[in-house]
Number of protein chains: 2
Amino acid sequence: MINHQKTLPPTAAQSVLCETELVAVLVSIHHNAPHILTLDHGQAFPSGPFTVEHRSLQKGMRNWVERQTGLQLGHTEQLYTFADTHHAQKHQVVQISYMAFIRQTCDHALDTQSIYDYFPWEDRRHTTSASLLHTIAERLKRWAQGHTQRWQRCASIFGLEDYVWNDELSLQRYEVLWEAGLVPEATWHNGAALPGLSMYHDYRRILATALSRMRAKIRYTPAVFDLLPHHFTLLQLQQAMEALAGRPMHKQNFRRLVQQQKLVNRTAEYDSPAQGRPAQLYRFAPETAENCYLAGATLPLSSIS
Amino acid sequence: MINHQKTLPPTAAQSVLCETELVAVLVSIHHNAPHILTLDHGQAFPSGPFTVEHRSLQKGMRNWVERQTGLQLGHTEQLYTFADTHHAQKHQVVQISYMAFIRQTCDHALDTQSIYDYFPWEDRRHTTSASLLHTIAERLKRWAQGHTQRWQRCASIFGLEDYVWNDELSLQRYEVLWEAGLVPEATWHNGAALPGLSMYHDYRRILATALSRMRAKIRYTPAVFDLLPHHFTLLQLQQAMEALAGRPMHKQNFRRLVQQQKLVNRTAEYDSPAQGRPAQLYRFAPETAENCYLAGATLPLSSIS
DNA sequence: GCGATATATGCTCTTAATGAGTATATATCG
DNA sequence: CGATATATACTCATTAAGAGCATATATCGC
């Protein structure tokens with residue numbers, strides 16, 4: 001038996017009072033692209049106060065988001081906590097950011113924006129994006145002129161030279177672009193900025209964090225299913241994964257994986273397309289819902305050159 | 001060109017003032033086991049206030065830890081932010097937890113404790129730990145009696161039946177044990193608790209989070225090197241990895257990996273052991289320090305049955 | 001019925017990574 | 001010399017990952 005005392009620790013450091021705000025990155029899929037819910041013409045995330053009546057931070061977040069937007073939140077995870085130094089400095093503001101998935105239901109009237117409007121270089125599903133990466137490579141090369149290590153870092157993060165593109169490094173890519181002064185919010189911003197919307201404060205950095213996290217998450221948990229309707233076709237599932245990962249996949253291999261992991265069950269229903277054979281509708285296998293750790297859907301990629 | 005305005009968003013939600021505390025999980029390696037720095041006989045982490053003069057949360061953390069303990073922090077990352085409901089309820093207390101690695105320098109007089117004293121089942125380097133896992137399996141089976149899905153979850157998380165042990169699931173394992181009432185801090189604690197020290201508040205949960213994170217981290221970043229002396233033998237490196245992962249490794253395969261990834265450079269020095277051939281001393285390859293993402297050291301495990 | 005379109009599936013193949021085993025140098029000390 | 005421990009060289013089986021080729025199957029409009 002263990003001696004377990006529930007007394008308070010004697011180390012209660014005297015803290016300073018801070019304002020605490022909850023920031024929500026609410027992700028959904030529209031038109032084959034991951035979207036976020038925004039305020040103020042795409043420049044801010046919805047945010048709300050953390051009040052005393054809330055039991056936990058997560059519950060507090062769910063509470064006001066659901067009350068304010070009427071949306072049901074799916075997979076939710078904490079992203080990062082930061083102290084916003086942009087605010088007026090009377091007292092510190094601590095912002096706790098969360099990412100949550102929203103199931104695409106009806107086209108609501110809320111302001112929504114594609115994540116790739118903020119990071120066009122992160123969408124590598126079409127060969128047309130290659131020219132942007134080429135531009136970035138050129139400008140990074142100029143920045144890294146003479147610094148071998150710096151160029152190594154750029155190359156490995158952006159999948160240049162012999163390195164391969166790693167979709168989970170969105171945050172690192174944004175940070176390098178920031179350091180190189182290629183995004184407008186960088187203080188030493190030089191020359192013309194790269195295409196891509198910017199946001200207030202460090203919000204675009206938060207969004208890059210969210211993108212990294214969601215790409216990592218869909219690999220080893222069935223979180224994608226919180227973005228899809230309850231009944232979906234396998235193509236829809238694949239396209240959702242492609243939209244999140246920002247790269248195309250090999251259809252046959254994708255299905256091989258999905259089937260052998262028993263991720264989905266077929267339903268009796270069929271899709272009704274304008275043309276072509278109707279697609280079978282599937283639903284997420286309820287048994288897999290519980291032990292989701294092993295459901296590692298490593299992405300079956302196809303080459304995009 | 002992008003229209004980048006640095007005005008404030010109109011959504012300044014009126015927040016409530018909170019106490020903000022920084023909690024530090026300071027990890028180092030002693031006697032072939034990962035240790036943490038503790039207060040109050042292993043029941044609390046060092047913690048400090050976040051004050052206005054600090055530029056960022058991370059800097060604030062580094063600041064007071066280094067001032068208080070005199071320790072230099074290596075790899076640092078934010079773990080999780082939570083609202084402590086155990087405190088007196090005048091105003092909320094928000095606790096922001098960080099994990100930081102400390103390079104083993106000299107044996108300082110600080111209070112330190114092995115992580116495996118808190119989670120004995122997480123150390124699977126020796127076959128002797130099998131009996132504890134057996135006990136856990138038995139008690140979980142009793143808890144999951146009649147609930148097939150619940151048992152599936154236990155089995156997959158603890159690597160029972162056909163499932164394999166996944167060392168990164170320490171947090172999930174702790175949570176299951178909590179739910180099953182097998183740890184003393186669980187409210188519906190039934191019967192005798194499992195061996196393992198407990199801590200104040202949710203601190204043991206934070207520690208489980210830290211263990212999960214560090215095990216994940218050493219896979220794809222060279223963070224281990226922040227726990228080792230600057231010059232080390234390959235065996236020391238392997239034993240550090242084994243200590244963190246809680247499982248033995250195959251020596252030949254481990255070296256194959258380390259060498260082919262150019263993670264280390266040999267130095268001219270040698271170890272001076274009591275007996276046997278002196279081991280070559282190595283140091284972390286400085287070129288790899290910058291682009292550490294590719295340095296994925298997937299653990300070459302050896303079977304422990 | 002036929003072609004266009006799109007879903008659905010089966011099979012092969014190469015390459016690389018992983019886990020595991022066997023054997024054997026090499027160096028130091030008592 | 002023998003005990004001890006480092007260091008290294010190979011081999012081998014299994015599996016997963018990436019990619020390609022081919023071919024059913026179902027619906028629609030003409």
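Per chain, numbering begins at 1; letters A, B, ... match sequence-line order. Since we're looking at a predicted model, the values are computed, not measured.
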Check ion pair [X]-[Y] (N to O, under 4.0 angstrom):
| X | Y | value |
| --- | --- | --- |
| B:Glu168 | B:Arg219 | yes |
| A:Glu242 | A:Arg247 | no |
| A:Glu175 | A:Arg205 | yes |

Return the value, rounded to whole Å, for the distance between atom [atom1] of [X] and atom [atom2] of [N].
| X | N | atom1 | atom2 | value |
| --- | --- | --- | --- | --- |
| B:Gln238 | D:dT6 | CD | C1' | 12 Å |
| B:Leu257 | D:dT8 | CG | C1' | 16 Å |
| A:Phe254 | C:dT7 | CZ | C1' | 15 Å |
| B:Asn253 | D:dA13 | CG | P | 16 Å |
| B:Arg256 | C:dA17 | CZ | P | 10 Å |
| A:Leu234 | C:dT9 | CG | P | 8 Å |

With DNA chain C as reference, determine whether B:Gln260 or B:His250 sits nearer its 5' end, using the nearest nucleotide of each.
B:Gln260

Examine C:dA8: is either OP1 or OP2 under 4.0 Å from a nitrogen or oxygen in the side chain of A:Arg277? Give yes or no.
no

Which word best sums up how the rings of B:Phe101 and B:His75 line up, parallel for under 30°, tilted for 30 to 60°, or perpendicular for over 60°?
tilted

Counting heavy atoms from C-beta on, name the nucleotide in C:dT9, D:dA7, D:dA17 closest to the side chain of B:Arg255.
D:dA7

Any N or O donor-acceptor pair under 3.5 Å from the base of C:dT22 to the side chain of B:Gln252?
yes

